[in-house]
4 protein chains.
Amino acid sequence: MSAGVFGAEARREGKRARTRARLMDAAVEVFARRGVERASANEIAHAAEVSNGTFYNHFRDKHDIVEAVAFRIATDVVRRLDAAMAGLDDAAERIAFGTRQIIELGASHAEWGHALVRSIRYLPELRRQATAFARADLERGARRGVFDVEVDDLLMDLFVALVTTALELRLSGEAGDEAGSKAAESQLRMLGVPVARAHELAWRPIAPLRFGLVEPA
Amino acid sequence: MSAGVFGAEARREGKRARTRARLMDAAVEVFARRGVERASANEIAHAAEVSNGTFYNHFRDKHDIVEAVAFRIATDVVRRLDAAMAGLDDAAERIAFGTRQIIELGASHAEWGHALVRSIRYLPELRRQATAFARADLERGARRGVFDVEVDDLLMDLFVALVTTALELRLSGEAGDEAGSKAAESQLRMLGVPVARAHELAWRPIAPLRFGLVEPA
Amino acid sequence: MSAGVFGAEARREGKRARTRARLMDAAVEVFARRGVERASANEIAHAAEVSNGTFYNHFRDKHDIVEAVAFRIATDVVRRLDAAMAGLDDAAERIAFGTRQIIELGASHAEWGHALVRSIRYLPELRRQATAFARADLERGARRGVFDVEVDDLLMDLFVALVTTALELRLSGEAGDEAGSKAAESQLRMLGVPVARAHELAWRPIAPLRFGLVEPA
Amino acid sequence: MSAGVFGAEARREGKRARTRARLMDAAVEVFARRGVERASANEIAHAAEVSNGTFYNHFRDKHDIVEAVAFRIATDVVRRLDAAMAGLDDAAERIAFGTRQIIELGASHAEWGHALVRSIRYLPELRRQATAFARADLERGARRGVFDVEVDDLLMDLFVALVTTALELRLSGEAGDEAGSKAAESQLRMLGVPVARAHELAWRPIAPLRFGLVEPA
DNA sequence: AATGAATGAGTGTTCATTCAT
DNA sequence: TATGAATGAACACTCATTCAT
């Protein structure tokens, strides 16, 4: 097993934290490979190369690790995007940028991407929580007339569905690297942004985010 | 168990066909109640009031009945919509009408609706096949300049995701009966239809489809 | 595995009944060997030479088979004793006879005897139910002045404890075949029967009961 | 955790002894709360506020601590009773007094009482050892004609069963505070003591023993 | 064609015990 | 000595699937 996203962070912590991180990395992998529903505690433990008993030293049950992983993934993406968009003020720009970055991030870290898609679909609670930051942008944009919509739960779910669907197709290989731009363009149109401006924002070149937490030595 | 969607149609066929139809009706019910993952062959057989052995006389395995049910559901909706839209020519009108009808149909037949969402979302093969008719409308609209998009697999999946997401929220009770109009409006905007026209088409009053179980011969 | 107590009765019934009987026989054996607490469903299934899944086709859980076995054992003993004591009227005679027969029965069918001891200790509910017939004798004897006691729950439990303790020691090999007489004598003394009469009743020769349900061909 | 029975006595000894005593006190508590079978080493260690590893520094395995606790409990009761009955000479008086005191002691210290019942009932070895002092009284009484019995293992077990059964019912709340007198009366009758004398000895008022935790040096 | 008893691999979970620190 | 993370066999229970009837 490669170090994984969480394992890399835990390298300097105690043994308990390292094992926990190994389990969470393994869970991401198994969720991606088998789906959250079909993943079993045993399989996660096996993938983490620990005994099945160890799983239960660290997580109360399957639901517990699902939550932990989903929460970490959501936290990750929010933290990363927030940092990357520090300088961006325009709501439409932020939306386009965020959507494209998430899709690229998910596509270039396939396991993480699959886990993200599945977590977001599987856990409505998490969906609301993790997309709160996007909702803030949408509401701000709507107030300022950048968007021409009423922001409600349904709109948010439609908005999110466009991201997850595009990412899913990207991951399956059926969509190429323009998936992010296409999804973002669709979102902006949906929000009432004029076609030309939507196109410009969605296709403007951007630098990909780096996922890595471990700096090059 | 009341005569379900499939059972009603099989009434005139042989005994084998009737038993098969009973199983499929039962499957729809159990899938809706417990989810496809958690539905067991035994439970389906029990709901169909046949023995568990009989299940395997009619379906190779669980996957087999899932596919059969999904296929029938998709076929159903296509047939019904095609019939209902016989007189509609304008691609945008057809899109708005179709989306709204599917959502209302799914919402008013919850079991069928849940099964539809799950089928469409988790069986890509079926998704392509069942949405071929919509794709034809999109392509025609694009050629005629009604829509301003390039119709590809990604666009289709984004398009479909808006329907399934809206239907899902409708079924969970979190969205009300304007869900169909909102979803349709989002779709039209996404396709490049001017905001005003999108609004008009999506909110224009329509008569709900009947889920006619037995057509006159 | 030998035919067992329950299996013998089921020989002429359907397959389902035969398997159920095998499981109950196996349970008696495992309860005797390992104790009710430590017996596992898997071990019972294994002893019955059926798969572990079959166990759950016949019993909801371990508690279910414990109850079934205990109930059958209690029913058995009551039925047998009732029949054997049809002609006995004197309460003291009945008590002495019953106690001695149960102990001999349990001693000569060790598995059944162990299961009886453990069931009676483990299930207070069953204890009350299975000893109702003895309580009736005690109350009748008390009313007629044969016994000089107040019959209450505590007295009944003390009374029963003398039987189970004697049977247990008999089964462990630490007590010989006078265990029944000694226990009966202690009981009668405890109930206020004069020493000489208690001795006479407890040691008077009796013919052992036969357990066998299957008549010689 | 309050200082238990064993902990209090170990206060002046070394650290190792104190930890061991804490574990034994915790074991008594957990055995009472969950039953010996269902008590886990982890739970005992947790209740003793030491790590689970420490448990195995002090006891070879779970069986080991069960024995140690049982032995200490038995030793306790013998020591206490012996001291309290220093002035009593008559065998029948000693029996009645001892039985009643044990039952009251067990009833007023429920954890200890439960542990006592379980130890005595399930560890025959311990039973013989812990009841040696009572056996001496029985044998002396028999020699002197106070009792009219032959004292053997079976008689001892019947005798003890009356104590444990009465204590158990007392602990479950199904018997009240006359349980001790009733059990003692039954025992005396069983031993051949005349009914009137048995009654007098069993119901004569006595002062309850104190479960003194720390004796003055 | 239908039945339903039986199967056995699989699931989630517990816990006595070991061992590196 | 004490720690506590890790182990792995065992448990209760489920369910897709087979097969004799």
Side-chain angles (χ1 to χ4, degrees), chain A residues 14-20 22-23 38-46 48-65, chain B residues 14-20 37-46 48-65, chain C residues 14-20 22-23 38-46 48-64, chain D residues 14-16 18-20 37-46 48-65:
Chain A
K15 190 178 188 188
R16 183 167 178 83
R18 280 201 311 278
T19 303
R20 190 183 162 90
R22 281 163 71 89
L23 281 162
R38 267 182 295 259
S40 78
N42 269 9
E43 192 170 357
I44 293 169
H46 183 82
E49 291 172 71
V50 299
S51 80
N52 55 354
T54 296
F55 179 94
Y56 290 93
N57 282 339
H58 291 270
F59 300 96
R60 213 176 322 106
D61 52 25
K62 199 180 109 181
H63 188 90
D64 198 23
I65 199 174
Chain B
K15 190 179 182 190
R16 179 164 178 82
R18 281 203 308 280
T19 302
R20 188 184 162 89
E37 296 283 352
R38 262 163 308 206
S40 79
N42 268 7
E43 193 170 357
I44 292 169
H46 182 84
E49 292 171 68
V50 299
S51 78
N52 60 345
T54 297
F55 180 95
Y56 287 91
N57 285 334
H58 290 270
F59 300 96
R60 212 178 323 107
D61 53 25
K62 202 180 122 183
H63 187 235
D64 197 23
I65 198 175
Chain C
K15 189 180 188 186
R16 183 168 179 82
R18 280 201 311 279
T19 303
R20 190 184 161 90
R22 282 164 70 89
L23 280 163
R38 268 183 293 260
S40 79
N42 268 10
E43 192 171 356
I44 293 169
H46 183 83
E49 291 172 73
V50 300
S51 79
N52 56 353
T54 297
F55 179 94
Y56 291 95
N57 282 339
H58 291 270
F59 299 97
R60 216 176 319 104
D61 51 25
K62 198 181 107 180
H63 187 90
D64 200 23
Chain D
K15 189 179 182 191
R16 181 164 178 81
R18 282 204 307 281
T19 303
R20 189 183 161 90
E37 296 282 353
R38 263 163 307 207
S40 79
N42 268 7
E43 195 171 354
I44 292 169
H46 183 83
E49 291 172 68
V50 300
S51 79
N52 60 345
T54 297
F55 180 95
Y56 288 91
N57 285 334
H58 289 272
F59 299 97
R60 212 178 324 106
D61 52 25
K62 202 180 121 182
H63 186 236
D64 198 23
I65 197 175

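First the proteins, then the strands, lettered A, B, ... as listed; each starts at 1. This is a predicted model, so every value here is computed, not measured. Side chains included, hydrogens not; waters and symmetry mates left out as well; all remaining heavy atoms used.
- Between the CG atom of Asn42(D) and the P atom of dT13(E) there is a distance of 18 Å, rounded to whole Å.
- Listed pair Ser51(B) / dA2(E) fails the phosphate criterion, with no side-chain N or O lying under 4.0 Å from OP1 or OP2.
- Asn52(A) approaches Ala45(A) most closely through the heavy-atom pair CA-CB, 3.8 Å.
- In this entry the distance linking CG of Asn52(D) with C1' of dT14(E) reads 14 Å, nearest Å.
- With sequence neighbours excluded, no residue satisfies ring pair (Phe, Tyr, Trp, His ring centres under 6.0 Å) with Tyr56(B).
- Residue Ala45(A) is classed as having no contact, given no heavy-atom separation below 4.0 Å to the nucleic acid.
- Here the side chains of Ile65(A) and Phe55(A) are in contact, with some heavy-atom distance below 4.5 Å.
- Residues Ile44(C) and Leu23(C) come closest through the heavy atom pair CG2-O, 3.7 Å.
- Across all strands, Ser40(D) comes closer than 4.0 Å only to sugar-phosphate atoms, never to a base (heavy-atom distances).
- Secondary-structure annotation of DNA chain F gives the stems E:2-21 with F:2-21, with a stem taken as at least 3 successive Watson-Crick or G-U pairs whose two distances both fall under 3.5 Å.
- Between Arg22(A) atom CZ and Lys15(A) atom NZ the span is 10.0 Å, to the nearest 0.5 Å.
- Taking every heavy atom of both residues into account, His58(B) and Arg20(B) meet most closely at O-NH1, 3.2 Å.
- Of all nucleotides in DNA chain F, those with any atom nearer than 4.0 Å to a heavy atom of chain A start and finish, going 5' to 3', at dA5(F) to dA10(F).
- The residue among Thr19(D) and Arg20(A) whose nearest nucleotide of DNA chain F is located toward the 5' end is Thr19(D).
- Nucleotide dG12(E) holds its C1' atom 9 Å from the CZ atom of Phe55(A), rounded to whole Å.
- Scanning both residues, Thr19(C) and Thr54(C), for their nearest heavy atoms gives CG2-CG2, 3.7 Å.
- With rounding to whole Å, Asn57(C) atom CG is found 17 Å from dT3(E) atom P.
- Both Glu37(D) and Arg60(A) lie near DNA chain E, and the one whose nearest nucleotide falls closer to the 5' end is Arg60(A).
- If you measure from atom CD1 of Ile44(D) to atom C1' of dA16(E), you get 11 Å, rounded to the nearest angstrom.
- Glu49(B) has its CD atom 13 Å from the P atom of dG4(E), to the nearest Å.
- His46(D) comes within contact range of no nucleotide atom at all, as no heavy-atom separation falls under 4.0 Å.
- Comparing Tyr56(A) and Gly53(C), the nucleotide of DNA chain E nearest to each residue sits closer to the 5' end for Gly53(C).
- Rounded to an integer number of Å, the gap from NZ of Lys62(D) to P of dT14(E) is 15 Å.
- Across all strands shown, His58(B) has heavy atoms under 4.0 Å from sugar-phosphate atoms exclusively, and none from any base.
- A pairwise comparison of heavy atoms in Glu43(A) and Arg38(A) identifies OE1-O, 4.4 Å as the closest pair.
- If you measure from atom CD of Glu43(A) to atom P of dA9(E), you get 17 Å, rounded to the nearest angstrom.
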